[in-house]
Trainee: 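One structure, as structure tokens, below. Some questions next.
Naming convention: chains lettered A, B, ... in sequence-line order (proteins, then strands); numbering from 1 in each chain.
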Amino acid sequence: MQAPESIDQLSARAQAIAGLSLAELADQFDQPVPADFSRHKGWGGMLIELALGATAGSKPEPDFPELGVELKTLPISSTGQPLETTFVCVAPMLDASRQQWHTSSFRKKVAHVLWVPVLADKGMSPAQRQIGSPFLWQLSGEQEQVLKRDWQELTDLLALGQISQINAHFGEYLQLRPKAANGSVRTQAFGEHGELIQTQPKGFYLRTSFTSWILRQQFAPK
DNA sequence: GTTTGATCATTT
DNA sequence: AAATGATCAAAC
């Protein structure tokens, strides 16, 4: 699938896959369907990227660089509650002190997102998961303020060499959690006296309380 | 080895 | 049951 040329085209493509099961979508693109996610955790997201024409394997840029839009799948229950937190980006370690909210990679990712809810109730196989109603969302006002507050707190701690104190309990709507292939992976960071230390890589994740807020905003009866 | 795609599995 | 901490695969 070619990259979409406009927001409207992207939106139309997203609406066109609403209601399909992941098995049906996979069939359209001749993709194999894993029996479970245990060894294919990113499969659903990759499949939807393929179907919408996202640039696979892109790095710091949004999934649709021309449009400035990031694609995120969101597993939800039948009652519309998010079932998992949402990974946004890796945390800067050595560069933490130079980060500014307005130009941060975190803000770039969450500024404009195409959310694709996927019904993923317990017991549903990857094949059975069903695509919901995708919607374009832009970070604004109150939501930006709360995320900025959490992001600034966590980024400041990283800059001050406090990473060893940080766990997933920090942050009201945003949290910092391990993001690595396994528990032995290490990357460089600053220690509490400004020295270089080896530490586990971390990523920023949106709590379900935040994505739940977005869903309510989008689907609440007017 | 790191980033992007996330979910798994143990703890609370 | 929910949240945290750990983990898996592909692309680069």
Side-chain angles (χ1 to χ4, degrees), chain A residues 1 3 22 25-26 29 31-65 69-95 104-106 108-110 113-129 131-132 134 150 154 163-189 196 198-213:
Chain A
M1 183 65 74
L22 293 188
L25 188 61
F29 291 91
Q31 297 295 305
V33 181
D36 63 75
F37 282 111
S38 63
R39 292 178 177 260
H40 302 273
K41 295 181 180 178
W43 178 77
M46 300 296 281
L47 176 62
I48 290 174
E49 282 193 346
L50 177 66
L52 298 182
T55 313
S58 68
K59 284 219 179 154
E61 293 303 305
D63 292 304
F64 303 100
V69 172
E70 174 73 11
L71 173 66
K72 287 289 177 198
T73 60
L74 184 62
I76 59 168
S77 71
S78 49
T79 58
Q81 288 299 118
L83 295 172
E84 295 283 354
T85 56
T86 301
F87 171 72
V88 178
C89 63
V90 296
M93 296 291 187
L94 301 178
D95 285 337
S104 65
S105 53
F106 179 88
K108 283 196 180 77
K109 289 274 186 184
V110 298
V113 178
L114 174 63
W115 292 98
V116 182
V118 177
L119 180 60
D121 267 323
K122 185 180 67 173
M124 290 178 81
S125 68
Q128 291 170 326
R129 288 194 178 193
I131 299 168
D150 285 346
L154 293 166
I163 188 169
S164 61
Q165 317 296 321
I166 298 179
N167 57 35
H169 293 90
F170 287 80
E172 185 179 3
Y173 289 102
L174 189 60
Q175 61 183 173
L176 212 45
R177 303 223 307 281
K179 174 61 175 171
N182 59 65
S184 64
V185 174
R186 291 293 182 273
T187 191
Q188 286 194 317
L196 285 177
Q198 295 294 119
T199 189
Q200 188 179 39
K202 305 270 193 183
F204 286 112
Y205 294 79
L206 298 174
R207 293 181 182 274
T208 55
S209 55
F210 188 80
T211 48
S212 176
W213 180 6

Trainee: Nearest whole Å is fine: how far is C:dA3 C1' from A:L206 CG?
Mentor: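 In whole Å, C:dA3 C1' lies 15 Å from A:L206 CG.
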Trainee: Pick base, sugar-phosphate or nothing for A:G42, based on heavy-atom distances below 4.0 Å to the nucleic acid.
Mentor: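 A:G42: base contact, heavy atoms under 4.0 Å.
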Trainee: Taking atom P of C:dT7 as reference, at what distance in whole Å does atom NE2 of A:H40 sit?
Mentor: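 Answer to the nearest Å: 19 Å.
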Trainee: Given C:dG5, C:dA9, B:dT4, identify the nucleotide with an atom nearest to the side chain of A:R39.
Mentor: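 Nearest listed nucleotide: C:dA9.
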Trainee: Please tell me which of the listed nucleotides, B:dG5, B:dA6, B:dT2, lies nearest to the side chain of A:T73?
Mentor: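 So the side chain of A:T73 is nearest to B:dA6.
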Trainee: What's the CZ-P distance between A:F210 and C:dA2, to the nearest Å?
Mentor: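 These atoms are roughly 20 Å apart.
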Trainee: For A:W213, what residues pass the ring pair (Phe, Tyr, Trp, His ring centres under 6.0 Å) criterion, not counting sequence neighbours?
Mentor: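 Only A:Y173, A:F210 meet the ring pair (Phe, Tyr, Trp, His ring centres under 6.0 Å) criterion with A:W213.
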Trainee: Return the value, rounded to whole Å, for the distance between atom NZ of A:K41 and atom C1' of C:dG5.
Mentor: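 To the nearest whole Å, that distance equals 11 Å.
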Trainee: When all nucleic acid strands are considered with a 4.0 Å heavy-atom cut-off, which category describes A:Q188: base, sugar-phosphate, or nothing?
Mentor: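 Contact class for A:Q188: none.
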Trainee: For DNA chain B, determine which residues of residues 172-183 of chain A have any heavy atom closer than 4.0 angstrom to one of its atoms, and list them numerically.
Mentor: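 A:R177, A:K179 - these, ordered by number, are the residues of the stretch whose heavy atoms sit under 4.0 Å from the strand.
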Trainee: If only side-chain N and O atoms of A:R129 are considered, is one of them under 4.0 Å from the OP1 or OP2 phosphate oxygen of B:dT7?
Mentor: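 So the side-chain polar atoms of A:R129 do come within 4.0 Å of the phosphate oxygens OP1 or OP2 of B:dT7, strictly under.
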Trainee: Rounded to whole angstrom units, what separation is found between the CE atom of A:M46 and the P atom of C:dA9?
Mentor: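 Value for this atom pair: 14 Å.
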Trainee: Please report, rounded to the nearest Å, how far the P atom of B:dT7 is from the CG atom of A:D121.
Mentor: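 Distance check: A:D121 CG to B:dT7 P gives 13 Å.
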Trainee: Out of B:dT7, B:dT3, B:dG5, which nucleotide sits closest to the side chain of A:F37?
Mentor: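 That would be B:dT7.
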Trainee: Whole Å only: how far is the CZ atom of A:F204 from the C1' atom of C:dT4?
Mentor: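 Distance check: A:F204 CZ to C:dT4 C1' gives 17 Å.
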Trainee: Select one nucleotide: of C:dT4, B:dT4, C:dA6, the one nearest the side-chain heavy atoms of A:K109.
Mentor: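 My answer, after comparing the listed nucleotides, is B:dT4.
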Trainee: Would you mind classifying the nucleic acid contact of A:F87 as base, sugar-phosphate or nothing, using non-hydrogen atoms under 4.0 angstrom?
Mentor: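 Base contact.
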Trainee: For A:S38 and A:A168, take the nucleotide of DNA chain C holding the closest heavy atom to each; which residue's nucleotide lies nearer the 5' end?
Mentor: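 By nearest-heavy-atom nucleotide position, the 5'-most residue is A:A168.
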Trainee: So, under a plain 3.5 Å distance rule, would you say the side chain of A:Y205 forms a donor-acceptor pair with the base of C:dA3?
Mentor: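 For A:Y205, whose side chain was compared with the base of C:dA3, there is no donor-acceptor pair (under 3.5 Å).
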Trainee: Name the nucleic acid region contacted by A:K122, choosing base, sugar-phosphate or nothing; use a 4.0 angstrom heavy-atom cut-off, strictly under.
Mentor: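 Answer is nothing: A:K122 stays at 4.0 Å or more from every strand.
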Trainee: Atom CG of A:D36 to atom P of B:dA9: distance rounded to whole Å?
Mentor: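 Between P of B:dA9 and CG of A:D36: 9 Å.
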Trainee: Which residues in residues 75-85 of chain A have a heavy atom closer than 4.0 Å to any atom of DNA chain B?
Mentor: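 Residues of residues 75-85 of chain A that come under 4.0 Å of DNA chain B are, in numerical order, A:P75, A:E84, A:T85.
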